[in-house]
Amino acid sequence: MTDHPPPAPAWLDRFRAAAPHLTVPSVLEPPDGEARAAAVLILFGEGPEGPDILLTERAATLAKHAGQPAFPGGRIDPEDDGPVGAALREAWEEAGVRPAGVDVLATLPELYLPHSRHLVTPVAAWWREPSEIAPGHPGEVAMVARVPIAELVDPANRLTVRHPSGFRFGPAFRVRGMLVWGFTAGLLTQVLDAGGWNRPWDADHVEDLPSEVLDLAARD
């Protein structure tokens, strides 16, 4: 008799059903021309503080996306066999997530990042057998954290961020010492909505991005 791994918990059922059908914002719709293929891993786990999602923070010394919180991920290499392989490889390299302990739930619609010309496929997965996590790639990853969903949806941790010029970047999260904003915050908001976990929060609570964040973002 073959042993089968236990299924993902019921609290992921709503998300798993909705994930492949998420709406792509018009500004992130894939272009007709060429784009560099990439993937990120949206990894759900269940830790001492309940259901959680894995996030990383990129090193401040990088030339691109320095200091920014993100999902594990990167470009799809030829040997990756597609987005799933790339997302699992990057999570292993960046955070120590063993692929053998991860069950893929769904791939989400592709999202295009005009600034970097990357076409990103989000891969959602259940962390069936969590492994010890730690920053990998010295000089590339500053921190990894399992952030409880309850903490992400706490209205006290939600805000809208803007450029000092007045341009609003959109929703953001203050969690585990990180300010999560931009692409990652937008995708995270969609994920929380799809799973039915989001709670009402004050979108009119607007703050300027800190100068140190703007300085790092200006390297891109």
Where Pro72 and Ala91 come nearest, the two heavy atoms and their spacing:
CB-CA, 3.8 Å

Using 0.5 Å steps for rounding, measure from the CG atom of Leu179 to the CG atom of Leu159.
6.5 Å

Do Ile42 and Phe71 pass the side-chain contact (heavy atoms from CB on, under 4.5 Å) test, and can you show the C-alpha distance, the side-chain angles, and the key distance before you say yes or no?
CA-CA 6 Å; Ile42 303 168; Phe71 296 108; 4.1 Å; yes

Walk me through whether Val120 and Tyr112 qualify under side-chain contact (heavy atoms from CB on, under 4.5 Å).
CA-CA 6 Å; Val120 181; Tyr112 179 63; over 6 Å; no

Is it possible for you to say whether Val147 and Trp197 belong to one hydrophobic cluster, with membership spreading through side-chain heavy-atom contacts below 4.5 Å?
yes

Is there a donor-acceptor pair closer than 3.5 Å between any side-chain N or O of Thr121 and the backbone N or O of Ala39?
no

For His163 and Arg168, which I'm curious about, is there any donor-acceptor pair between the side chains at under 3.5 Å?
no

When clusters are formed by joining ILVMFWY residues with side-chain heavy atoms under 4.5 Å apart, either directly or through shared neighbours, do Leu111 and Leu119 land in the same one?
no

Taking Val180's backbone N and O only, do any of them form a donor-acceptor pair with Thr184's side chain (distance below 3.5 Å, no angle check)?
no

With a 4.5 Å cut-off on side-chain heavy-atom distances among I, L, V, M, F, W and Y, is there a chain of contacts connecting Leu22 to Leu28?
yes

How close do Ala145 and Met178 get, counting heavy atoms only, and between which atoms?
CB-CE, 4.4 Å

If you count heavy atoms of other groups shown closer than 6.0 angstrom to CD of Glu132, is the number above 12?
no

Of Arg174, Arg158, Arg176, which meets salt bridge (charged side-chain N to carboxylate O under 4.0 Å, His left out) against Glu151?
Arg176

Side chains of Leu187 and Gln190 in contact at under 4.5 Å (non-hydrogen atoms):
yes

Closest contact, heavy atoms only, Gly195 versus Arg14
O-CD, 3.8 Å

Taking NZ, NE, NH1 and NH2 as the nitrogens, is one of them in Asp77 or Arg89 under 4.0 Å from a carboxylate oxygen of the other?
yes

With side chains defined as the heavy atoms from C-beta onward, is the minimum distance between Trp127 and Val102 less than 4.5 Å?
yes

Say you draw a straight line from CD of Gln68 to CG of Leu55; how long is it, rounded to the nearest 0.5 Å?
13.0 Å

For the backbone of Asp204 and the side chain of Asp202, can you confirm whether one donor and one acceptor N or O come within less than 3.5 Å of each other?
yes

Work out which heavy atom in Pro99 is nearest to a heavy atom in Trp92; give both atom names and the distance.
CD-CB, 4.2 Å

Between Trp201 and Pro171, is any pair of side-chain heavy atoms under 4.5 Å apart?
yes

Per the side-chain contact (heavy atoms from CB on, under 4.5 Å) rule, which among Val40, Thr107, Leu108 passes with Val123?
Thr107

Begin from the C-alpha positions of Leu188 and Ile53 and carry the test side-chain contact (heavy atoms from CB on, under 4.5 Å) through to its verdict.
CA-CA 9 Å; Leu188 190 52; Ile53 295 176; 3.9 Å; yes

Closest non-hydrogen contact found for Ala172 with Ala185 is CA-CB, 4.1 Å

What is the minimum heavy-atom distance between Pro155 and Pro200, and which atoms define it?
CG-O, 3.4 Å

Checking Asp154 side chain against Ala156 main chain: does a donor-acceptor pair fall under 3.5 Å?
yes

Whether the side chain of Asp52 engages the backbone of Gly45 through a donor-acceptor N/O pair (distance < 3.5 Å, no angle test) should be reported.
yes

So that I know where these two stand, are Phe169 and Trp181 an aromatic pair - ring centroids less than 6.0 Å apart?
yes

Is it the case that over 12 heavy atoms from other parts of the model lie below 6.0 angstrom from the CZ atom of Arg36?
yes

Please report the interatomic distance CD1(Ile149) to CD(Glu49), rounded to the nearest 0.5 Å.
12.5 Å

Hydrophobic cluster membership, Val153 vs Val191, 4.5 Å side-chain cutoff:
yes

Beyond-backbone contact of Arg146 with Pro130, side-chain heavy atoms, under 4.5 angstrom
yes

Roughly how far, to the nearest 0.5 Å, is OG1 of Thr56 from CG of Leu43?
12.0 Å

Under the side chain to side chain donor-acceptor pair (under 3.5 Å) rule, what do Glu46 and Trp11 come out as? Steps first, then yes or no, please.
CA-CA 10 Å; Glu46 194 158 10; Trp11 57 264; 3.2 Å; yes

CG/Leu192 to CZ/Phe173 distance, rounded to the nearest 0.5 angstrom?
5.5 Å

Any link between Leu209 and Val206 through a network of hydrophobic side chains (Ile, Leu, Val, Met, Phe, Trp, Tyr) touching at under 4.5 Å?
no

Above 12 or not: heavy atoms from other molecules or residues under 6.0 Å from CG of Asp81?
no

Side chain to side chain, Glu94 and Glu140, heavy atoms closer than 4.5 Å:
no

Test item: Thr160 side-chain N/O and Ala203 main-chain N/O as donor-acceptor pair under 3.5 Å
yes

Rounded at 0.5 Å granularity, tell me how far NE2 in His118 sits from CZ in Phe183.
11.0 Å

Give a yes or no answer on whether the side chain of Arg128 reaches the backbone of Ala100 with a donor-acceptor pair at less than 3.5 Å.
yes

